[in-house]
Amino acid sequence: TYRITLTPPVINAARVVTFLVAGADKATIVREVLRGPRDIHRLPAQVVAPADGALVWLLDAAAAAEL
């Protein structure tokens, strides 16, 4: 099996980074990632911050319920 690993510097060099999140079971984590204190060890999604690109969050209503 082959594996490709994308490190934070590679992800953050992208023109557009998109998170696609669905489901009520993700609502608390989405809120913590977007509004909580920065803790990249517990919430690695917080390290994603494109330097010269766009960060897009696509959430269904259930995943966005706590925002």
Same hydrophobic cluster for I11 and V16, using side-chain heavy-atom links shorter than 4.5 Å among ILVMFWY? no

Sequence neighbours excluded - salt bridge (charged side-chain N to carboxylate O under 4.0 Å, His left out) pairs with any residue from residues 45-57: none

What's the spacing between T18 OG1 and L55 CG if we round to 0.5 Å? 8.0 Å

Closest heavy-atom pair, A62 versus A24, reported as atoms and distance to 0.1 Å, is CB-N, 3.5 Å

Side chain to side chain, L34 and V30, heavy atoms closer than 4.5 Å: yes

Check V47 against N12 and note the closest heavy-atom contact, atom names and distance. O-ND2, 3.1 Å

Can you sort out the partners of D60 under salt bridge (Lys or Arg N to Asp or Glu O under 4.0 Å), two or more places apart, ordered by chain and number? none

Rounded to the nearest 0.5 Å, what separation is found between the NZ atom of K26 and the CG atom of L20? 10.0 Å

Where E32 and Q46 come nearest, the two heavy atoms and their spacing: O-NE2, 3.3 Å

Can you hop from V56 to V48 via hydrophobic side chains spaced under 4.5 Å? no

Applied to residues 7-65, the ring-ring contact (aromatic ring centres under 6.0 Å, His included) test, sequence neighbours excluded, yields F19-W57

At their closest point, which heavy atom of R31 faces which heavy atom of L67, and how far apart are they? CA-CD2, 3.8 Å

